[in-house]
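To start, the structure itself, in structure tokens.
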Amino acid sequence: MDYKSVEQKWKDFWEKNGINRFDSESDAKKYYVLEMFSYPSGSNLHLGHWYNYGPADSFARFKRMQGYNVFQPMGFDSFGLPAENYAIKTGVHPEDSTNKNIATMEKQLRSIGGMFDWSAFMYTSSPEYYKWTQWLFLQLYKHGLAYQKQSPVNWCTSCNTVIANEQVVDGKCERCGADVVRKNMTQWFFKITEYAEELLECLDKLDWPEKTLTMQRNWIGKSEGGEVVFPIGEDKITVFTTRADTLMGVSYVVLAPEHPLVDKITTPDCKKAVEEYKLAASKASDIDRLSTAKEKTGVFTGAYCTHPISGENIPVWIADYCLATYGTGAVMGVPAHDTRDFEFAKKFGHKITRVIKAASGEDELPYVEHGILVGSGSFDGLTTAEGKKAILGFLAERGLGGIKINYRLRDWSVSRQRYWGAPIPIIHCDHCGAVPVPEKDLPVRLPYDVNFTPDGQSPLRKCDSFIDTVCPICGAPAHRDPDTLDTFVCSSWYYLRYPDSKNGDQPFDPALINKMLPVDKYVGGAEHACMHLLYSRFITKALRDMGYLKFDEPFTSLVHQGLILGTDGEKMSKSKGNTVNPDEFIQAYGSDVLRMYLMFGFSYAEGGPWNDDGIKSISKFLDRVERIVDTAIASRGKSTDASSRRELEYAVNYCIKRVTEDMEHFSFNTAVARIMELVNTMYKCESCDLLFDACEKLIRVMAPIAPHFAEEMHERMGFAPSIFNEQFPICDESKLVKDEVEIAIQVNSKMRAKMVVSTSLDDEGIKSAVLGDSKITELLSGAAVKKVIVIKGRLVNIIV
RNA sequence: GCCGCUGUGGCGAAAUCGGCAGACGCAAAGGACUUAAAAUCCUUCGGAGGAAACUCCGUACCGGUUCAAGUCCGGUCAGCGGCACCA
């Protein structure tokens with residue numbers, strides 16, 4: 001078969017006849033299948049794109065054939081650093097290179113033969129899109145969920161921009177691998193922490209991979225503990241602790257060097273040392289500062305606070321092992337029951353007081369497990385759990401603390417000092433402060449002529465025609481915010497735009513979106529677990545609370561595809577030279593073959609090393625199907641043999657049943673295996689008079705997996721296109737009932753024989769049939785039967 | 001250090017609720033067809049022993065539960081991923 005012309009023929013047919021489009025008139029149940037959109041990079045589609053989009057498209061087609069009104073859109077996440085870095089290197093403007101890449105990639109995506117509804121196409125760097133990204137920013141601002149603050153931020157020394165906590169990996173930039181340092185800057189933040197509890201709770205009702213749920217849970221990092229107040233003169237130091245039961249073992253209190261109380265309480269004689277320590281701490285990069293291997297450091301402030309229960313004087317230190325950004329920025333030091341405090345106390349000579357004993361009596365300090373309170377006055381004898389409750393209760397009554405929940409999650413920093421992104425729609429006025437751009441003035445257009453060579457400043461700051469403006473409130477000269485939004489802001493709401501992507505008046509029509517969303521099946525890489533997938537959930541909840549949306553979660557069901565590795569088992573990369581170009585395989589075999597091989601050769605969620613050999617076998621398999629179809633057509637209507645009807649009917653219906661289940665679970669490799677089994681049976685039953693009928697069902701079962709091929713075969717068999725207007729075959733369970741079944745015979749749990757028994761027999765019947773069989777009695781050679789276990793349709797175990 | 005996932009033939013992988021381990025395919029070997037090759041078709045294909053019927057062993061390792069364990073439980077090792085001075 002000439003794959004190239006056949007595939008083109010059907011691509012054109014689908015496009016012309018609207019087979020790929022969502023039918024807004026239909027009253028069939030909607031099904032929104034979404035694959036994570038991609039960044040339009042310069043090179044061709046790589047195998048990773050194919051592996052994501054090909055099998056997921058087969059799933060979408062399967063759903064369509066099951067009668068759903070499927071919506072499967074495609075677009076691009078086209079703002080971002082690569083285009084800008086490329087521009088810096090080559091001088092090609094990001095807008096030009098991006099538009100060119102989008103055109104190329106769109107063409108290539110069409111070559112997959114996906115059922116993408118191109119009428120919904122959009123990309124995030126177009127003003128028609130980022131207008132609404134800016135609108136989203138303004139809504140968050142209006143509702144107090146976007147705010148500006150000066151704070152230590154992660155600064156990538158190579159990208160010359162701030163990046164989010166989620167984008168710092170091992171103290172390095174997730175994108176370029178350069179060192180990340182802390183810088184104090186005024187930045188915009190989204191208040192994702194306001195939703196910490198709901199983001200955590202709702203995870204339970206999502207059909208997501210367990211791994212991803214766990215990662216989000218850990219990332220949110222809920223920690224249930226308490227706050228304890230240590231008065232210090234007029235002021236008070238509040239610490240967060242999960243071990244309030246160890247309160248009587250406190251021998252010092254530590255503040256983070258950045259803690260606001262530090263300057264106030266430091267005594268004159270300690271001033272010099274404290275200032276020096278603060279300076280050193282601010283210079284250290286996160287990687288140095290957060291290294292667990294590093295020896296503890298710290299200095300005394302000269303001040304003492306008061307223990308809330310004993311009234312004892314407790315020395316106050318500063319140390320960088322106490323983080324300003326978590327809890328209250330202050331911790332109580334309990335050396336006997338915390339390994340860090342123990343280390344610190346040893347070094348600086350703090351006393352180490354045991355207040356917990358292991359229930360078993362056997363322990364040694366530092367003892368960090370739960371146990372029984374000792375040396376804690378009236379609290380002695382309580383367990384850790386009881387002690388926490390009693391001590392926090394005691395403190396709460398006196399206004400010195402109480403139960404407190406903390407989250408590890410921080411607010412999302414969204415300002416980027418880069419050019420290629422959506423401008424932040426804020427105007428800074430000397431009189432009125434930060435003023436949101438009126439919605440009628442959106443979009444704030446990204447100017448074309450800008451010098452974006454990175455020098456640590458936002459490129460837009462140097463563009464006067466952009467920066468200089470007037471205050472929308474008082475009319476005085478003012479300047480625009482020079483930063484752009486993190487591209488994760490663009491991608492945090494794109495799934496809401498697709499169903500209404502051409503709407504010029506609103507980001508989306510809420511009535512429509514509430515019908516089309518949530519996404520029923522979301523498919524994409526696992527690397528977005530704590531970024532895109534978390535941000536999108538937050539934005540959905542925020543828009544819901546503003547009244548735009550009526551659902552709580554954007555993605556009901558999520559699947560991660562695995563990673564296709566190079567033939568050497570390593571991650572594909574140009575530098576390693578192990579990349580595999582899908583184009584040569586499409587040239588040689590066609591896109592159906594590549595797609596089907598990707599579905600058959602790997603466990604979808606696992607992925608694995610690429611292997612050239614397997615792909616040929618799929619090509620041979622399609623040839624094999626074509627031959628049996630031709631045989632079926634040729635023999636149709638002629639009197640053929642009726643003998644193997646039962647076998648063929650069974651094989652067809654078994655295949656339908658299993659493929660239906662497998663497709664539903666993204667178990668594509670077994671689905672293809674079941675289809676191969678059916679074809680093997682068809683070759684055995686070549687002369688059966690049901691062959692044509694069986695072939696017709698086979699082709700429909702195959703259609704989602706090899707769409708062009710199936711469409712061609714369907715037409716060749718004399719049916720009117722498109723096969724995607726046909727129903728996916730439904731299993732006739734009655735054809736799966738067999739008269740006889742082969743079961744295994746075990747003696748003392750060891751496999752000894754096989755035997756064919758009638759399926760009409762009950763357990764007793766099977767038992768007597770087996771024990772009555774001469775071969776079995778011979779096997780038992782007169783041994784006394786103690787017990788017989790019968791598993792219907794599977795095996796009989798005889799215990800002697 | 002903590003959390004999670006994974007570990008099955010020469011290879012990619014299957015195995016519903018604990019019930020015949022290795023489906024389906026690749027590679028390999030032998031055979032048929034062919035002048036020959038390709039394509040196609042048939043056979044073998046976890047290991048050891050045996051002429052064969054068949055027997056024993058086998059799902060990273062050690063132990064347990066069970067009539068029965070790749071599957072459940074406890075421990076160990078290895079690989080991958082995530083978090084990590086989070087109080």
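Throughout, protein chains are lettered first and strands after them, A, B, ... in sequence-line order, and every chain is numbered starting at 1.
- Taking the P atoms as reference points, B:rA37 lies 42 Å from B:rU55, given to the whole Å.
- For the residue pair A:T193 / A:D411, a side-chain donor-acceptor distance below 3.5 Å is found, with atom types taken as modelled.
- Looking at residues two or more places apart in sequence or on another chain, you find a salt bridge (charged side-chain N to carboxylate O under 4.0 Å, His left out) between A:R243 and A:D245.
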For residues 615-624 of chain A, which side-chain N or O atoms pair as donor and acceptor with protein atoms under 3.5 Å away, sequence neighbours left out?
from   : atom 1 : to     : atom 2 : distance (Å)
A:S617 : OG     : A:G614 : O      : 2.6
A:D623 : OD1    : A:Y3   : OH     : 3.4
A:R624 : NH2    : A:N680 : OD1    : 2.9

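- An OP1 or OP2 oxygen of B:rA23 is reached within less than 4.0 angstrom by no side-chain nitrogen or oxygen of A:T670.
- Residues of residues 661-669 of chain A having a heavy atom closer than 4.0 Å to RNA chain B, listed by number: A:N669.
- Side-chain N/O atoms of A:T631 and A:Y683 include no donor and acceptor closer than 3.5 Å.
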Using distance only, find each side-chain donor-acceptor pair of residues 763-770 of chain A under 3.5 Å and give its atom names and separation, not counting sequence neighbours.
from   : atom 1 : to     : atom 2 : distance (Å)
A:S768 : OG     : A:E764 : O      : 3.1
A:S768 : OG     : A:G765 : O      : 3.1

Produce the list of close N/O pairs, under 3.5 Å, pairing protein atoms with atoms of nucleotides 18-21 of chain B; give distances to one decimal.
from   : atom 1 : to     : atom 2 : distance (Å)
B:rC20 : O2     : A:K754 : NZ     : 2.8
B:rC20 : N4     : A:E742 : O      : 3.3

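- Each salt bridge (charged side-chain N to carboxylate O under 4.0 Å, His left out) pair with one or both residues in residues 787-800 of chain A, not counting sequence neighbours, would appear here, but there are none.
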Contact list (N/O, under 3.5 angstrom) for nucleotides 43-49 of chain B vs protein:
none

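- Taking the centre and axis of the six-membered ring of A:W219, the NZ or CZ atom of A:R408 falls inside the cone set by 45° and 6.0 Å.
- Classification of A:E343 and A:K346 as a salt-bridged pair fails, no side-chain N sitting under 4.0 Å from a carboxylate O.
- Partners of A:K404 by salt bridge (charged side-chain N to carboxylate O under 4.0 Å, His left out), not counting sequence neighbours: none found.
- For RNA chain B, runs of at least 3 consecutive pairs of the Watson-Crick or G-U wobble type, with both hydrogen-bonding distances under 3.5 angstrom, map to B:1-7 with B:77-83, B:10-12 with B:24-26, B:28-32 with B:40-44, B:46-49 with B:54-57, B:60-64 with B:72-76.
- A:K351 is linked by a salt bridge (charged side-chain N to carboxylate O under 4.0 Å, His left out) to A:E312, counting only residues two or more places apart in sequence or in another chain.
- Base orientation of B:rG9: syn, the glycosidic angle falling within 90° of 0.
- Salt-bridge annotation for A:K296 and A:D341: absent, with no side-chain N of the basic residue lying under 4.0 Å from a carboxylate O of the acidic one.
- Applying the salt bridge (charged side-chain N to carboxylate O under 4.0 Å, His left out) test to A:E742 and every residue at least two apart in sequence or in another chain returns nothing.
- Ring geometry for A:W610 versus A:F585: interplanar angle of 30 to 60°, hence tilted.
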Exercise. How does protein reach along nucleotides 24-29 of chain B, written 5' to 3' as B (base within reach of a heavy atom under 4.0 Å), S (only sugar-phosphate), or - (no contact)?
Worked result: BSS---
